[in-house]
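These numbers were taken from a predicted model, which means no experiment stands behind them.
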Amino acid sequence: IKIGFTPDEEVGRGADFFNVDKFGADFAYTVDGGELGELEYESFNAAKATVTIKGKNVHPGYAKDKMVNAVLVAMEFNALLPVNERPEFTSGYDGFVHAYQIEGTVEASKMVYLVRDHDRKLFEKRKAAMLAAAEFLNARYGVNTVSVKLEDQYYNMGEMIAPRKEILDLALKAFEVVGVKPIIHPIRGGTDGSRLSFMGLPCPNIFAGGLYFHGKYECLPTRSLEKAVEVLVKIVELSVE
């Protein structure tokens, strides 16, 4: 039995220094899920997009045909992305592009986006759309006005877990024995199991019982946490039978 704690999961660095070979397990489960009963083995494909915009600042009274306002170009860039594909309008298997940081002046602006999709082809299309938006604006305002840096963060762990159906069957049996009704759906957030699965450690995600994450009402009902422990103990018992 191997037990590991991965720090910095919330900033996407939890698996950076995880030594899968040293850990020495055939498979694992992260305990990172939400409400009682969650069992997840599909996640987003994820990337971060950093958009930088170079403007040209001159006195506004004499700006005609001279000024390039990086703040307004940033607004144009965001307007080129589909409104209905923002996270506040998506659910289930829907992907999204999420603008979560913006800063800037007339001279220079920067925006940071999260790009997410469960489907690898659609994921690549989303990234390509951001590059196309930059190309369009560069044709309007000049070469290198807008640049997009794309960094893949993790991929859909379902690709690695699906061939190992016995790992899911074991968890489902444990759920059944301890009286927990499974809730199976794709993760709409990050989990270290995504990266660990592609590092050679297939790693579905089991509920911890937490609710209302990343808000002032975040909580963890004691009974839900106790049930998570029961599931983990039962997985171990079933594994050695």
Checklist entry - For G209, does its backbone N or O pair with a side-chain atom of K227 as donor and acceptor, under 3.5 Å? => result no
Next on the checklist: Please say yes or no: joined through hydrophobic side-chain contacts below 4.5 Å, possibly via intermediate residues, are V73 and M75 part of one cluster?
Outcome noted: no
Item to check | K66, NZ atom: more than 12 neighbouring heavy atoms under 6.0 Å | outcome: yes
Next on the checklist: Pair E166, R164 - check salt bridge (Lys or Arg N to Asp or Glu O under 4.0 Å), show working.
Outcome noted: CA-CA 5 Å; E166 72 277 8; R164 298 288 306 275; 2.5 Å; yes
Checklist entry - Can you list the steps and then say if K48 with V112 is a side-chain contact (heavy atoms from CB on, under 4.5 Å)? => result CA-CA 7 Å; K48 181 174 79 170; V112 184; 3.8 Å; yes
Checklist entry - Is it the case that E107 and N57 place a side-chain donor and acceptor less than 3.5 Å from each other? => result no
Checklist entry - Are F23 and L196 close enough, and set up right, to give a side-chain contact (heavy atoms from CB on, under 4.5 Å), and what steps lead you there? => result CA-CA 11 Å; F23 192 61; L196 291 172; over 6 Å; no
Next on the checklist: Within a 6.0 Å radius of atom OH on Y212, are there more than 12 heavy atoms belonging to other residues, nucleotides or ligands?
Outcome noted: no
Checklist entry - Does the side chain of F44 come within less than 4.5 Å of L114's, by heavy atoms? => result no
Item to check | Contact summary for I183 and L36, nearest pair of heavy atoms | outcome: CD1-O, 3.5 Å
Next on the checklist: So for atom CZ, which belongs to F77, do other residues, nucleotides or ligands contribute more than 12 heavy atoms lying within a distance under 6.0 Å?
Outcome noted: yes
Item to check | Side-chain donor or acceptor of S197 paired with backbone N/O of C203 under 3.5 Å | outcome: yes
Item to check | Pair V58-M67, side-chain contact (heavy atoms from CB on, under 4.5 Å): steps then yes or no | outcome: CA-CA 6 Å; V58 297; M67 177 185 287; 3.8 Å; yes
Checklist outcome for this item: Smallest heavy-atom separation, A99 atom then N78 atom, equals CB-OD1, 4.1 Å
Checklist entry - D119 and Y93: side-chain donor and acceptor closer than 3.5 Å? => result no
Checklist entry - Do the charged groups of K121 and E124 touch, with an N to O distance under 4.0 Å? => result no
Checklist entry - Are the charged groups of R188 and D94 less than 4.0 angstrom apart, N to O? => result no
Next on the checklist: Once rounded to the nearest 0.5 Å, what's the spacing between atom OH of Y113 and atom CD of Q101?
Outcome noted: 11.5 Å
Next on the checklist: If I compare all heavy atoms of V148 with all of A134, which pair ends up nearest, and what's the gap?
Outcome noted: CG2-CB, 3.7 Å
Checklist entry - When clusters are formed by joining ILVMFWY residues with side-chain heavy atoms under 4.5 Å apart, either directly or through shared neighbours, do I187 and L39 land in the same one? => result yes
Item to check | Test item: S147 side-chain N/O and N144 main-chain N/O as donor-acceptor pair under 3.5 Å | outcome: no
Item to check | Polar side-chain atom of S43 near backbone of M157 as donor-acceptor pair, under 3.5 Å | outcome: yes
Checklist entry - Does Y100 offer a backbone N or O that forms a donor-acceptor pair with the side chain of H98 under 3.5 Å? => result no
Next on the checklist: Quick check: closest heavy atoms across G104 and S109, and the distance to 0.1 Å?
Outcome noted: CA-OG, 3.4 Å
Item to check | Closest approach of Y41 to N156 (non-hydrogen atoms, all atoms of both residues) | outcome: O-OD1, 4.5 Å
Next on the checklist: Tell me if the centroids of the rings in F198 and Y154 come within less than 6.0 Å of each other.
Outcome noted: no
Item to check | Atom pair CD1 (I235) and CD1 (I1), whose distance is rounded to the nearest 0.5 Å | outcome: 11.0 Å
Checklist outcome for this item: Tightest non-hydrogen contact, residues F213 and G34, listed as CE1-CA, 3.7 Å
Next on the checklist: Quick one, V231 with F207, criterion side-chain contact (heavy atoms from CB on, under 4.5 Å). Give me CA distance, side-chain angles, the key distance, then yes/no.
Outcome noted: CA-CA 9 Å; V231 167; F207 70 94; 4.0 Å; yes
Item to check | Sequence-distant partners of R120, side chain to side chain donor-acceptor pair (under 3.5 Å), two or more places apart | outcome: N45, E159
Checklist entry - Is V178 reachable from I184 through a run of hydrophobic residues whose side-chain heavy atoms are each under 4.5 Å from the next? => result yes
Checklist entry - Under the side chain to side chain contact (heavy atoms under 4.5 Å, CB included) test, which residues partner E176, sequence neighbours left out? => result K173
